[in-house]
Amino acid sequence: MVFSGSPPLEGRIRTVVLALFLCAQAGFGFSVAGQDGTCEANGSIYFVGEWYFLESDHCTQCECTSEGSACSRTECTSLPAACIHVSHYPTDCCPRCEKIGCEYRGVVYDLGQNFQPSECEQCTCDSDGIARCLVADCAPPPCVNPNYQPGKCCPECKEGPNCYVNASRSQVIPAGESIWVDSCTKCRCHDGQDAGFWEGNRLASCSRLKNCTPEQPSVKKN
């Protein structure tokens with residue numbers, strides 16, 4: 001039913017469209033579905049009441065208000081001291097801790113784990129992510145030719161305590177034994193029971209007879 005004096009429907013639609021166009025050209029804002037305005041960010045338009053994160057900074061979250069964007073930045077919490085594997089994904093604000101523990105010589109251990117990286121070390125992975133180790137202190141071996149056995153920390157003297165006869169280190173004699181190196185010189189290897197005594201005492205003690213002339217080796221005549 002059309003009242004007399006009212007413009008046709010098509011004419012009224014054209015009038016509304018023209019009014020909107022003129023408002024846009026003049027820079028006037030207008031309300032859409034009850035909103036007071038919009039905010040532009042990230043190359044997009046947001047309506048009042050909408051929340052969004054800045055693409056340039058994933059730690060900054062904003063709300064579109066009638067007065068413009070209201071933003072606040074998220075502060076990242078500190079990662080655990082024992083974090084040994086950290087990941088930072090492009091879309092995340094804060095880094096993530098993927099693994100906690102201790103890394104020692106390229107090997108990862110769990111918190112509280114006891115481990116023995118070598119025969120002479122006993123270690124523990126502490127709660128702060130640091131591996132703390134005790135290292136065995138081996139006494140000097142009482143011999144000049146010690147052997148290191150697999151699975152054992154300190155060297156062993158398989159042939160028993162011994163000494164070098166002299167500085168040439170070409171001959172070895174057992175502890176407590178003596179040897180004549182020539183017709184005038186006799187050398188004896190000490191037999192100290194304290195292993196510490198052997199440190200710095202790798203040579204036998206030698207004594208020379210007074211007024212003695214070493215015998216010269218006889219030369220065979222043809």
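- When side chains are defined from C-beta on, Val172 does not count as touching Val165, because their heavy atoms never get closer than 4.5 Å.
- Separating the CG atom in Asp57 from the OG1 atom in Thr74 is a distance of 9.0 Å, to the nearest 0.5 Å.
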Requested in this report: Run the numbers on Lys99 and Asp110 for side-chain contact (heavy atoms from CB on, under 4.5 Å), then give the verdict.
Outcome: CA-CA 9 Å; Lys99 176 70 176 177; Asp110 294 329; 3.4 Å; yes
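- Taken together, the cysteine pair Cys62 and Cys39 keeps its SG atoms at least 2.5 Å away from each other.
- From Glu121, atom CD reaches atom CZ of Phe115 across 8.5 Å, with rounding to the nearest 0.5 Å.
- The cluster map of Ile, Leu, Val, Met, Phe, Trp and Tyr, joined by side-chain heavy atoms under 4.5 Å apart, puts Leu203 and Val181 in different clusters.
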Requested in this report: Would you please test Ile173 and Asn162 for side-chain contact (heavy atoms from CB on, under 4.5 Å) and show each step?
Outcome: CA-CA 6 Å; Ile173 55 176; Asn162 54 35; over 6 Å; no
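- Side chains of Pro117 and Arg105 form a contact here, defined as non-hydrogen atoms less than 4.5 Å apart.
- For a disulfide, the SG atoms of both cysteines must be under 2.5 angstrom apart; this holds for Cys120 and Cys153.
- A side-chain donor from one of Asn166 and Ser168 sits under 3.5 Å from a side-chain acceptor of the other.
- Counting only distance, with no hydrogens or angles, the side chain of Thr65 and the backbone of Glu67 share a donor-acceptor pair below 3.5 Å.
- A heavy-atom distance below 4.5 Å is found between the side chains of Arg208 and Cys184.
- Applying the ring pair (Phe, Tyr, Trp, His ring centres under 6.0 Å) test to Phe53 and every residue at least two apart in sequence or in another chain returns nothing.
- Here the OG1 atom belonging to Thr91 is positioned 6.5 Å from the NE2 atom belonging to His58, to the nearest 0.5 angstrom.
- No side-chain N or O of Ser69 forms a donor-acceptor pair with one of Tyr46 less than 3.5 Å apart.
- Taking 4.0 Å as the cut-off between side-chain N and carboxylate O, Arg132 and Asp128 count as a salt-bridged pair.
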Report task. List the steps and the verdict of disulfide (SG to SG under 2.5 Å) for Cys133 and Cys123. Result -> CA-CA 4 Å; Cys133 302; Cys123 306; 2.0 Å; yes
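- Between Tyr164 and Gln171, the closest side-chain pair of non-hydrogen atoms is not below 4.5 Å.
- In this structure, Gln149 and Glu119 have side chains that are not in contact, with every pair of non-hydrogen atoms separated by 4.5 Å or more.
- The distance from atom CG of Asp182 to atom SG of Cys212, rounded to the nearest 0.5 Å, is 7.5 Å.
- A pairwise comparison of heavy atoms in Cys206 and Thr185 identifies CB-CG2, 4.2 Å as the closest pair.
- Distance check for Cys59 and Cys76: the SG atoms are not under the 2.5 Å cut-off.
- With Arg202 contributing its side chain and Cys143 its backbone, the two residues share a donor-acceptor pair below 3.5 Å.
- Counting heavy atoms from C-beta on, the side chains of Glu159 and Asn145 come closer than 4.5 Å.
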Query raised in the report: Where do Leu54 and Tyr52 land on the side-chain contact (heavy atoms from CB on, under 4.5 Å) test, with the steps shown first?
Result: CA-CA 7 Å; Leu54 294 182; Tyr52 57 90; 4.0 Å; yes
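- When all heavy atoms of Gly106 and Glu103 are compared, the pair lying nearest together is CA-OE2, 3.9 Å.
- Annotation for Gln116: atom CD counts as buried by contact number, over 12 foreign heavy atoms lying within 6.0 Å.
- Looking only at side-chain heavy atoms (C-beta outward), Glu55 and Asn42 come within less than 4.5 Å of each other.
- No hydrogens or angles considered: nothing links the side chains of Gln122 and Asn114 as a donor-acceptor pair under 3.5 Å.
- Counting only distance, with no hydrogens or angles, the side chain of Asp126 and the backbone of Gly129 share no donor-acceptor pair below 3.5 Å.
- Here the closest non-hydrogen pair linking Cys94 and His88 is C-NE2, 4.1 Å.
- Ser205 is not listed as a side-chain neighbour of Cys187, based on a closest heavy-atom distance of 4.5 Å or more.
- Of all the heavy atoms in Ala175 and Cys189, the pair that sits closest is CA-SG, 3.5 Å.
- Separation of atoms SG (Cys138) and CD (Glu156) is listed at 10.5 Å; rounding is to 0.5 Å.
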Query - Residue pair Glu50, Glu63: steps toward the side-chain contact (heavy atoms from CB on, under 4.5 Å) verdict - result: CA-CA 6 Å; Glu50 284 191 282; Glu63 180 187 12; over 6 Å; no
